[in-house]
Amino acid sequence: MGLVGILILLSCWGIAVKSDGSDHKYKPGDPVPLYANKVGPFHNPSETYRYFDLPFCSPALVTDKREALGEVLNGDRLVDALYKLNFLTDRESEAICSKKLSKENIAQFRNAVAKDYYFQMYYDDLPVWGYIGKVEKQEKADPSEYKYYLFNHIHFDVLYNNDRVIEISVGTDSNALVDVTMDKEMVVEFMYSVKWKETNIPFERRMEKYSKSSSSPHHLEIHWFSIINSCVTVLLLTGFLATILMRVLKNDFIKYAHDEESADDQEETGWKYLHGDVFRYPRHNSLFAAALGSGTQLFTLTIFIFVLALVGVFYPYNRGALFTALVVIYALTSGIAGYTATSFYCQLEGTNWVRNLLLTGCLFCGPLFLTFCFLNTVAIAYSATAALPFGTIVVIVLIWTLVTSPLLVLGGIAGKNSKAEFQAPCRTTKFPREIPPLPWYRETIPQMAMAGFLPFSAIYIELYYIFASVWGHRIYTIYSILFIVFIILLIVTAFITVALTYFQLAAEDHEWWWRSFLCGGSTGLFVYGYCFYYYYARSDMSGFMQTAFFFGYMACICYGFFLMLGTVGFRASLLFVRHIYKSIKCE
């Protein structure tokens, strides 16, 4: 069964990364594939509908293009378009059809024009888009006095180099407008024109047009400024904290060494006082190990995605490649989660490793599945393309059943049989010491706020560009800069968590396990807080569906960040705690 699942995954991946028709060479007059994809409000990227949901001229039988898993997850629904753009064949004001529009059709078009609907097509695997109409406000404040016009004549400009299609753009005829302001029946003739022009741009560089916006000198300056700003801020703050921490630790080591030589029977104070409790296993050890396993898997997934991005797999408009990669790599890395969680759970002297494995499998996938069920129901109610077809849901369930679950179990069995023991430099006492009363700012929530602010300040400028790409129409291709920001995020998260762990131990609070995980992951909560700022201050998104999709899926993404960075924070703190307690003499 696992082999069948892996074959399904490999077929999905192969379909996603291959170029769909873009390697075709054409002769004059050859038909070039043109697919109509979707329409939707420009400001609501998740709210898209099938192209022929609007009453355009449609064929008697609408032919759907066979799509890869990632394309379906991306909301793409490609169908054959009526426009005939044969290679090197110019057309001038050619009619597609003459269609009688009812009052309901007119109202549908007017509503679409009012919401800034755009259409998207793919021509020889090149994206092309345009607006379906325009609103003339004529400086009138009352929306009831606005004029709504539908474009019924589309002009295609196509560039070619020898026998290859290089570029396509679409324009509209300002004189060919249909007034859809009033609800009245009318006959509309839909037309199009095609103009071919030769260019010297080589075929290999035809996709550069779409990445120029994100890699223009102006945007690159902003990106590099944000990185330099982050680096300087981080270096100053971490350098300051490191200096203090190293000085304090050095003084601690000298003091404890002097205490051991002068008076062995005197009462210990500070973090050395906790040597009998610092390695006491945390409460809810099964949940803790499951969180570590899920976080390690998500960290591995992120690294793999960065590697694919840096080698050029995710070029602009490679439809669905990112979603396919996420599904495939998450499924194949589930064994890492099983191994990490179960081996660590057994190190913490846990006995019910099967329950721990089930918890690991559901810790991230459970909330994601529930969120998907709700949002898919919303998309179905809206008849949007974001609603996954039944067949796609079956494929995802098969992947989870035949690949993710078996690999998770295999990883868990390997972790259980690893027989690794927890490496603690100090013996743990039988009874835990009482934690002294602490001021409010040493409680978990204030510590999480302090821990999350510094890493968030290092990435918040880059967050805008990522949000504008994921929840807008910008194109993000500068993955090298994003990778640098990610490395900065990991370093700052690890360091700030280590610093807070030291201050916690110095205050004689030995329950640092969960605290270090929560402090490390708190950046995910800051990112979710940024979602509210972006939605209300930086975007024009509106409507229940778009709002639900934005906050629902961002909650899952931020939860994943929480688990991943929490794992980084805990691992860094564990290394630090082991190091300092190895450096002193523990009785």
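Index from 1, following the sequence.
- Results of the side chain to side chain donor-acceptor pair (under 3.5 Å) test with Lys38 over Asp53, Thr48, Asp76 single out Asp76 as the only residue that passes.
- If you take CZ on Phe87 and OG1 on Thr89, they are separated by 9.5 Å, rounding to the nearest 0.5 Å.
- With contacts defined as side-chain heavy-atom distances shorter than 4.5 Å, the pair Val165/Tyr160 does not qualify.
- Nearest heavy-atom pair, Leu69 versus Thr324, reported as atom, atom and distance to 0.1 Å: C-OG1, 4.2 Å.
- Counting heavy atoms from C-beta on, the side chains of Ser480 and Ile478 come closer than 4.5 Å.
- Residues Thr404 and Ser334 bring no donor and acceptor atom of their side chains to less than 3.5 Å of each other.
- Remark: Arg538 qualifies as a cation-pi partner of Tyr464 under the 6.0 Å distance and 45° angle criteria applied to the six-membered ring.
- Looking only at side-chain heavy atoms (C-beta outward), Tyr122 and Leu34 stay at 4.5 Å or farther from each other.
- Ring pair Phe456/Phe526 is tilted by interplanar angle, where 30° to 60° counts as tilted.
- Between Gly75 and Thr385, the closest heavy-atom pair is O-OG1, 3.0 Å.
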Under 3.5 Å, sequence neighbours excluded: what are the donor-acceptor pairs made by side chains of residues 374-382?
unit_1 : atom_1 : unit_2 : atom_2 : d
Asn376 : OD1    : Leu388 : N      : 2.9
Thr377 : OG1    : Cys373 : O      : 2.7

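- Closest non-hydrogen pair, Pro28 versus Leu88, comes out as CG-CD1, 3.8 Å.
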Evaluate the criterion side-chain contact (heavy atoms from CB on, under 4.5 Å) for residue pair Leu357 and Leu408; output intermediate values, then yes/no. CA-CA 8 Å; Leu357 204 57; Leu408 182 73; 4.2 Å; yes
Does the side-chain contact (heavy atoms from CB on, under 4.5 Å) test come out yes or no for Leu368 and Tyr330, once each step is laid out? CA-CA 13 Å; Leu368 181 63; Tyr330 184 84; over 6 Å; no
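- Between Tyr123 and Tyr83, a ring centre-to-centre spacing not shorter than 6.0 Å is recorded.
- Taking OH of Tyr536 as the start and CE of Met541 as the end, the distance is 10.0 Å to the nearest 0.5 Å.
- Atom CG of residue Leu332 and atom CD of residue Gln297 lie 10.0 Å apart, to the nearest 0.5 angstrom.
- His155 meets the side chain to side chain contact (heavy atoms under 4.5 Å, CB included) test with Asp157, Ser193, Lys195; sequence neighbours excluded.
- Considering Tyr117, Tyr51, Tyr49 as possible partners of Phe56, the one that fulfils the ring-ring contact (aromatic ring centres under 6.0 Å, His included) test is Tyr51.
- With a 4.5 Å cut-off on side-chain heavy atoms, Val170 and Phe151 do not count as touching.
- Under a 4.0 Å N-O distance rule, the pair Arg206/Asp124 qualifies as a salt bridge.
- With sequence neighbours excluded, the residues that form a side chain to side chain contact (heavy atoms under 4.5 Å, CB included) with Asp173 are His153, Asn175, Ala176.
- A heavy-atom distance below 4.5 Å is not found between the side chains of Leu85 and Val32.
- Between Ile168 and Lys209 the shortest heavy-atom distance is O-NZ, 3.7 Å.
- In terms of heavy-atom proximity, Ala341 sits nearest to Ala290 at CB-CA, 4.1 Å.
- With values rounded to the nearest 0.5 angstrom, Phe190 atom CZ is found 7.0 Å from Lys99 atom NZ.
- Annotation: side chain to side chain contact (heavy atoms under 4.5 Å, CB included) contacts of Leu370 (sequence neighbours excluded): none.
- A donor-acceptor pair under 3.5 Å is formed between the side chain of Glu67 and the backbone N or O of Leu78.
- Here the side chains of Leu73 and Ile396 are in contact, with some heavy-atom distance below 4.5 Å.
- Panel note: side chain Asn152, backbone Met191; no donor-acceptor pair is recorded below 3.5 Å.
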Please output the side-chain donor-acceptor pairs of residues 546-567 that fall under 3.5 Å, not counting sequence neighbours, one pair per line with the distance.
unit_1 : atom_1 : unit_2 : atom_2 : d
Gln546 : OE1    : Ser46  : N      : 2.8
Thr547 : OG1    : Tyr535 : OH     : 2.4
Thr547 : OG1    : Gly543 : O      : 2.7
Tyr559 : OH     : Leu363 : O      : 2.8
Thr567 : OG1    : Leu563 : O      : 2.8

Report the C-alpha distance between Met207 and Leu126 in whole Å, list the side-chain angles of each, state the deciding distance to 0.1 Å, and finish with yes or no for side-chain contact (heavy atoms from CB on, under 4.5 Å). CA-CA 8 Å; Met207 299 305 292; Leu126 290 172; 3.7 Å; yes
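- A salt bridge between Lys65 and Asp80 is absent, with no side-chain N of the basic residue lying under 4.0 Å from a carboxylate O of the acidic one.
- With rounding to the nearest 0.5 Å, the separation of NZ in Lys115 from NE2 in His43 is 12.5 Å.
- Taking 4.5 Å as the limit, some side-chain heavy atom of Leu322 sits within range of a side-chain heavy atom of Ile305.
- Counting heavy atoms from C-beta on, the side chains of Asp64 and Arg77 never come closer than 4.5 Å.
- The ring of Phe483 has its center closer than 6.0 angstrom to the ring center of Phe306.
- With rounding to the nearest 0.5 Å, the separation of CG in Asp30 from CG in Asn86 is 8.0 Å.
- With Arg110 contributing its side chain and Val180 its backbone, the two residues share a donor-acceptor pair below 3.5 Å.
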Please evaluate residues Glu462 and Tyr476 with respect to the criterion side-chain contact (heavy atoms from CB on, under 4.5 Å), reporting the C-alpha separation (whole Å), side-chain torsions for both, the decisive distance (0.1 Å), and the verdict. CA-CA 11 Å; Glu462 206 66 24; Tyr476 194 99; 2.5 Å; yes
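- For Phe304, the CZ atom counts as loosely surrounded, since its 6.0 Å shell holds 12 or fewer non-hydrogen atoms of other residues, nucleotides or ligands.
- Side-chain atoms of Trp400 do not come within 3.5 Å of backbone N or O of Ser405 as any donor-acceptor pair.
- For the ring-ring contact (aromatic ring centres under 6.0 Å, His included) with Tyr530, the qualifying choice from Tyr460, Phe467, Trp471 is Phe467, the only one to do so.
- Screening residues 33-68 for disulfide (SG to SG under 2.5 Å) gives Cys57-Cys97 as the qualifying pairs, with residues at least two apart or on separate chains.
- Taking every heavy atom of both residues into account, Ala468 and Tyr534 meet most closely at CA-OH, 3.4 Å.
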